[in-house]
Participant: 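Take a look at the following structure, please.
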Amino acid sequence: MDLRSLQYFVAVFEKRSFSAAAKTCYVAQPSISAAVAQLEQHLNTSLFNRHARGVNPTNSGDKLYPLAKQLIGQADAIKTVFTERSVKQPFYLGVTKGLGVKRMSALLKDFTSAEEQVELTLVPHTEPCDARIIIKEELKEQETHWSLWQEDYLLALPYNHILSLQDSIKLRDLDGLPFIQRTPCTEWDTLSDALTLEGISVDTRAKIQTIDYALGLVQAGLGCALVPAHPEIISKTDVVFKPIEGLRLMRETVLAYQQPSDIINTLLQLVLKHRQ
């Protein structure tokens, strides 16, 4: 007598059908029939009465069912006990905002698959952590870093804005332009300094933190916004993205850490893979 035969018996008992039990257990019906027949031979008793519409348990079948359920449950409990003995190592990863959900999810999925014994916790990049994925300007002096992504900044415009017809935007086009200022934004100061030198000022309509909210306000026609041009953003079809002439606005995303470890080495290898 083995657990698999008991599992097949329980399935037939609960479904009142060999064919339905076979579907539940994802095996061929002859395997179910053979297992039950072997069980009946081992116990020297009939467990089911067969009829055209299926089966009904005999008295022996009724007696065996709760015992079989108990044994199967105990076997599952044994597996759980030994599984729970494996204590996962905590790993705290600081992540700055606005890096792109899809590509970060792909990276972290590969990481958790490669490090099954690690319990990953994402925290804001300003909190204590084992490693950080951040903008290069957010690096601390003592951190080692590796480049992950580089991308330019573009001006996001409502699709029906008159400037959307131009191939690129000149600084003077921004004079008095309704603007959604996203903070923090590493390149906002660069743009602001360039505008000041040219005697140009924008009409700040809102200050907001997240890229998604900024793009939502652009889409609604409230104003324009400076955003990083990663694929998840520029794939949007309800907003137009244009470069600003005469300015090289870009950001570099990096993996930063202070103390190397085997876990960080795994993350580093995946970072190198995902930046290709």
Side-chain angles (χ1 to χ4, degrees), residues 1-95 99-124 129-131 133 212 232 235 261-267 269-271 273-274:
M1 184 188 309
D2 59 30
L3 284 174
R4 181 169 296 177
S5 295
L6 291 175
Q7 288 170 337
Y8 290 167
F9 160 76
V10 167
V12 175
F13 186 97
E14 292 177 346
K15 296 296 183 181
R16 295 297 199 265
S17 165
F18 280 91
S19 59
K23 292 178 180 179
T24 299
C25 298
Y26 299 101
V27 296
Q29 183 174 331
S31 298
I32 297 281
S33 300
V36 171
Q38 186 178 17
L39 196 57
E40 289 178 323
Q41 183 178 5
H42 183 80
L43 297 174
N44 195 29
T45 186
S46 177
L47 298 173
F48 296 105
N49 292 317
R50 283 78 166 170
H51 54 79
R53 291 188 173 183
V55 299
N56 286 322
T58 62
N59 289 336
S60 296
D62 285 330
K63 289 179 181 179
L64 178 60
Y65 176 73
L67 298 174
K69 289 283 285 187
Q70 184 179 9
L71 283 173
I72 294 169
Q74 289 173 342
D76 289 339
I78 291 172
K79 292 180 183 178
T80 301
V81 167
F82 285 94
T83 300
E84 290 178 348
R85 282 188 177 182
S86 177
V87 178
K88 293 192 174 184
Q89 181 176 349
F91 185 81
Y92 292 87
L93 180 64
V95 180
L99 297 183
V101 174
K102 289 183 180 179
R103 63 184 183 181
M104 281 298 299
S105 297
L107 172 60
L108 296 179
K109 177 184 177 183
D110 284 354
F111 175 64
T112 54
S113 297
E115 292 285 352
E116 293 183 353
Q117 298 306 311
V118 169
E119 182 181 72
L120 175 65
T121 301
L122 300 182
V123 298
C129 52
D130 299 293
I133 297 180
D212 286 340
E232 200 169 324
S235 64
S261 68
D262 290 341
I263 296 175
I264 289 178
N265 285 338
T266 298
L267 182 56
Q269 293 304 314
L270 292 172
V271 162
K273 167 189 170 184
H274 278 261

Participant: Using 0.5 Å steps for rounding, measure from the NZ atom of Lys109 to the CG atom of Leu270.
Facilitator: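 The CG atom of Leu270 is 13.0 Å from NZ of Lys109, to the nearest 0.5 Å.
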Participant: Let me confirm one number: the OG1-NZ distance from Thr58 to Lys63, rounded to the nearest 0.5 Å.
Facilitator: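 It is 9.5 Å, given to the nearest 0.5 Å.
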Participant: Just do the side chain to side chain contact (heavy atoms under 4.5 Å, CB included) check on Leu107 and Ile133 with the steps written out, would you?
Facilitator: CA-CA 11 Å; Leu107 172 60; Ile133 297 180; 3.8 Å; yes
Participant: Without swapping roles, check the side chain of Gln7 against the backbone of Ile72 for a donor-acceptor pair under 3.5 Å.
Facilitator: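 Absent.
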Participant: Looking at Leu47 and Glu40, what are the two nearest heavy atoms and their distance?
Facilitator: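 Result for this residue pair: N-OE2, 2.8 Å.
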Participant: Heavy-atom count around Gln41 CD within 6.0 Å, excluding the residue itself: above 12?
Facilitator: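 Result for CD/Gln41: open.
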Participant: Hey, could you give me the OG/CG distance between Ser261 and Asp130, rounded to the nearest 0.5 Å?
Facilitator: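 Rounded to the nearest 0.5 Å, the OG-CG separation comes out at 7.0 Å.
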Participant: Let's go through Leu39 and Tyr8 carefully: what are the C-alpha distance in whole Å and the side-chain angles of both, what is the deciding distance for side chain to side chain contact (heavy atoms under 4.5 Å, CB included) to 0.1 Å, and is it a yes or a no?
Facilitator: CA-CA 10 Å; Leu39 196 57; Tyr8 290 167; over 6 Å; no
Participant: So which atom in Lys15 and which in Thr24 form the shortest heavy-atom distance, rounded to 0.1 Å?
Facilitator: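 Lys15 and Thr24 have their closest heavy atoms at CE-OG1, 3.2 Å.
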Participant: So with a 6.0 Å cut-off around CG of Asn265, is the heavy-atom count from everything else above 12?
Facilitator: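 More than 12 within 6.0 Å, yes.
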Participant: Which atoms form the tightest heavy-atom contact between Phe18 and Arg50, and what is the distance?
Facilitator: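 Nearest heavy atoms, Phe18 then Arg50: CZ-NH2, 3.7 Å.
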Participant: Between Arg53 and His51, is there a donor-acceptor pair closer than 3.5 Å when you use the side chain of the first and the backbone of the second?
Facilitator: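 It does not hold such a pair.
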Participant: Grab the two heavy atoms, one from Leu6 and one from Ala68, that are nearest each other, plus how far apart they are.
Facilitator: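 Closest approach of Leu6 to Ala68: CD2-CB, 4.0 Å.
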Participant: Report yes if some heavy atom in the side chain of Thr45 is under 4.5 Å from a heavy atom in the side chain of Leu64; otherwise report no.
Facilitator: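 Of all side-chain heavy-atom pairs linking Leu64 with Thr45, none is under 4.5 Å.
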Participant: So Phe111 and Leu93, do their side chains get closer than 4.5 Å, heavy atoms only?
Facilitator: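 No; the side chains remain at least 4.5 Å from each other.
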Participant: Answer with yes or no whether the side chains of Ser113 and Asp110 bring together a donor and an acceptor at under 3.5 Å.
Facilitator: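 On atom types as modelled, these side chains do not qualify, holding no pair under 3.5 Å.
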Participant: For Lys102, does its backbone N or O pair with a side-chain atom of Glu232 as donor and acceptor, under 3.5 Å?
Facilitator: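 Side chain of Glu232 to backbone of Lys102, a donor-acceptor pair under 3.5 Å: yes, one is there.
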Participant: Would you call the rings of Phe13 and Tyr65 parallel, tilted or perpendicular, taking 30° and 60° as the class edges?
Facilitator: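 Geometry flag for Tyr65 against Phe13: parallel rings.
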Participant: Identify the two heavy atoms, one from Gln38 and one from Ser5, that lie closest to each other, and give their separation to 0.1 Å.
Facilitator: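 Heavy atoms of Gln38 and Ser5 come nearest at OE1-OG, 4.5 Å.
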Participant: Mind checking the CD-OG spacing from Gln29 to Ser17? Nearest 0.5 Å is all I need.
Facilitator: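 Result: 7.0 Å between the selected atoms.
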Participant: Can you measure from CD (Glu115) to CD1 (Ile264) and round to the nearest 0.5 angstrom?
Facilitator: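 Interatomic distance, Glu115 CD to Ile264 CD1, rounded to 0.5 Å: 11.0 Å.
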Participant: Between atom CZ of Phe91 and atom CD of Gln117, what is the distance when rounded to the nearest 0.5 Å?
Facilitator: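 Going from CZ on Phe91 over to CD on Gln117, the span is 15.5 Å.
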Participant: Heavy-atom count around Arg4 CZ within 6.0 Å, excluding the residue itself: above 12?
Facilitator: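 Check fails, neighbour count at 12 or below.
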Participant: Please assess Ile32 against Cys25 for the test side chain to side chain contact (heavy atoms under 4.5 Å, CB included), listing each intermediate value before the final yes or no.
Facilitator: CA-CA 9 Å; Ile32 297 281; Cys25 298; 4.2 Å; yes
Participant: Can you check whether Leu108 reaches Val95 side chain to side chain, under 4.5 Å on heavy atoms?
Facilitator: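 Sidechains of Val95 and Leu108: no contact.
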